[in-house]
2 protein chains.
Amino acid sequence: MGYASDVDEVATAIADPVRRHILTLLRDEPLAAGDIARRFTISRPAISRHLRVLRESGLVRDELVGRQRIYRLDPGPLSPLVDWLAGLVTTERWERHLDALETEVYRTRRERRSSGPAEHRREHTA
Amino acid sequence: MGYASDVDEVATAIADPVRRHILTLLRDEPLAAGDIARRFTISRPAISRHLRVLRESGLVRDELVGRQRIYRLDPGPLSPLVDWLAGLVTTERWERHLDALETEVYRTRRERRSSGPAEHRREHTA
DNA sequence: CGGAAGCGTAACCCATAAGTTACGGGTTTG
DNA sequence: CAAACCCGTAACTTATGGGTTACGCTTCCG
C-alpha cells in the first residue's frame, strides 16, 4: 500500500519528452550534467531542473566527480508503475469471466448440493 | 518509428492520478460517465474532460447507449509505452557493448571492403 | 591566487492544465 | 410535449510546469 505516490512521481517524471530522452541517454551510459545538456537545444538550467525531477523520482542517481556531477540511470522505481500497468492489461477481461465463473459455480453448488467442484481448469484460453 | 507521439499522449494521460483511478475503475467493468463522476469529489465536467483526454489517447473507447455514454478500457495503446519501459530496464548495460560492436563492424567493413563481418564477439567486455 | 569551467538555484515570464459554473443538445418518461 | 435526466462544451479562473536570464558556489588550472 502507499505505492500510489511513488507511481505518481515516476509517472510524472516520465510524462515529459525531454526527461524521457534523458533517460534513454542514461540507459546507454552515465553522463555528466553538461554532457546531457549539450545534446539539447534548451538551456542548461532547464536540463538541470529536469534532472532534479528525475532525481527526486529516484529514476536517476547522481555522484559528484570533481567539478562535474555524473548521472546514472536507476530503473528500480519503475517497478510500481510497471506493476500497475501490468495489472491494467492482464486482469481486464479475465476478472469478469472469473466473476461470472464463480457466480456460476456458486449457483450450481446451491442447486445440486454435494457435487465436487472439479473440471474447471482450461476454459477458453484464447 | 513515430511511436514517440503515441508514447507521449499515453504517458501524459497516465500522469494524472484522477485519470489513473478512472482507468483502474474501467479495468473491472465498463462504466457510464456519470457512474464514474459519482465516485469522485470533483465536478462532473472535470471528469468529462479527463475522459476526453483518455479517449484521445486511445486508452478508452466510448459507446452511446440511450442517453448515457459507456466507457470501456482499451489497454492496447499502452504497448508502445510498456515497450519503451522494458527497453529502459533490460538493455541498460548491454546495449553499450552492442553499439561498440556495431561501430566496430562498420569500421571494419569500410576498411576492408567486401569482407563478411564475422569474428567480432568478445571485445573488451569490461 | 585569480580566472575559467561546471552546476545548481532563484526570480521571473508565459503556456498549459485542471478546476469551477453556466449552458445546450439529445433521450427518456409521465 | 413538457419536464427530468445524462453528458459534453464553452467561458473563465487559478495553479502548475517548463523555459529563460542572472547569480553564487565549488573545483580545476595557469
Side-chain angles (χ1 to χ4, degrees), chain A residues 4-26 29-74 81, chain B residues 4-26 29-74 81:
Chain A
S5 71
D6 278 3
V7 170
D8 195 76
E9 260 188 329
V10 171
T12 300
I14 282 183
D16 187 274
V18 172
R19 286 194 290 266
R20 279 200 306 275
H21 194 252
I22 291 177
L23 291 177
T24 60
L25 291 176
L26 260 38
E29 50 178 352
L31 287 173
D35 293 338
I36 297 173
R38 236 167 267 119
R39 313 210 185 188
F40 292 86
T41 62
I42 63 178
S43 71
R44 193 188 49 70
I47 296 295
S48 195
R49 297 204 355 170
H50 281 302
L51 287 172
R52 171 162 56 174
V53 174
L54 289 173
R55 217 184 310 136
E56 291 174 346
S57 77
L59 287 174
V60 146
R61 276 309 281 157
D62 64 311
E63 175 195 3
L64 284 79
V65 175
R67 58 183 164 183
Q68 49 190 12
R69 188 178 291 257
I70 308 298
Y71 285 92
R72 87 181 55 239
L73 179 67
D74 178 5
L81 176 61
Chain B
S5 71
D6 278 2
V7 170
D8 194 76
E9 259 188 329
V10 171
T12 300
I14 281 183
D16 187 274
V18 172
R19 287 194 289 266
R20 279 201 305 277
H21 193 253
I22 291 178
L23 290 177
T24 59
L25 292 176
L26 260 37
E29 51 177 352
L31 287 173
D35 293 338
I36 297 173
R38 233 166 269 121
R39 314 210 185 188
F40 291 86
T41 62
I42 62 179
S43 71
R44 195 188 48 70
I47 297 295
S48 195
R49 300 206 354 171
H50 280 302
L51 287 173
R52 172 162 56 174
V53 174
L54 290 173
R55 217 183 311 137
E56 291 174 345
S57 78
L59 287 173
V60 146
R61 274 311 280 158
D62 63 312
E63 174 195 5
L64 283 80
V65 175
R67 59 182 164 183
Q68 49 189 10
R69 187 179 291 257
I70 308 298
Y71 285 91
R72 90 181 52 239
L73 178 67
D74 179 5
L81 176 61

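Letters A, B, ... are given to chains in the order of the sequence lines, protein chains preceding strands, and every chain is numbered from 1. Since this is a predicted model, take the numbers as computed values, not measurements. Heavy-atom basis, side chains included; hydrogens, waters and symmetry copies ignored.
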Rounded distance in Å - CD1 (B:I47) to C1' (D:dG8): 14 Å
- prompt: D:dC6 P sits how many Å from B:I70 CD1, rounded?
  reply: 12 Å
field: Below 4.0 Å: OP1/OP2 of D:dG8 and any side-chain N or O of B:R69
entry: yes
- prompt: Is there a side-chain contact between B:L26 and B:R72 (heavy atoms, below 4.5 Å)?
  reply: no
message: Check this for me: A:R55, atom CZ, are more than 12 non-hydrogen atoms of other residues, nucleotides or ligands nearer than 6.0 Å?
response: yes
query: Salt bridge check: are A:R69 and A:D62 linked by an N-O gap of less than 4.0 Å?
result: yes
task: Compare side-chain N and O positions of A:H50 against OP1 and OP2 of D:dG17 and report whether any pair is under 4.0 Å apart.
output: no
Atom pair distance, as rounded to whole Å: OH in A:Y71 and C1' in C:dC7: 8 Å
- prompt: Can you tell me how far C1' of C:dC7 sits from CG of A:D35, to the nearest Å?
  reply: 12 Å
query: Rounding to a whole Å, what distance do you find between B:D8:CG and C:dA17:P?
result: 10 Å
field: Atom-to-atom span, CG of A:D16 to C1' of C:dA15 - whole angstrom
entry: 14 Å
message: The side chain of A:R44 is closest to which nucleotide in this list: D:dC7, C:dG19, C:dG8?
response: C:dG8
query: Under 4.0 angstrom, heavy atoms only, what part of the nucleic acid is A:A46 near: base, sugar-phosphate, or nothing?
result: base
message: Judged by each residue's nearest nucleotide on DNA chain C, which is more toward the 5′ side, B:V65 or A:R67?
response: A:R67
task: Select base, sugar-phosphate, or nothing to describe what B:R38 touches, counting heavy atoms under 4.0 Å on all strands.
output: nothing
- request: Check if the side chain of B:R49 and the base of D:dG8 share a donor-acceptor pair of N or O atoms closer than 3.5 Å.
  value: no
- prompt: Do A:L59 and A:I14 touch side chain to side chain, with heavy atoms closer than 4.5 Å?
  reply: yes
field: Nearest-Å distance for atom pair CD/P, residues A:E56 and C:dG8
entry: 12 Å
message: Please tell me if B:S43 has a side-chain N or O lying less than 4.0 Å from either OP1 or OP2 of C:dG19.
response: no
task: Check the distance between C:dT28's P and B:Q68's CD and give it to me in whole angstrom.
output: 10 Å
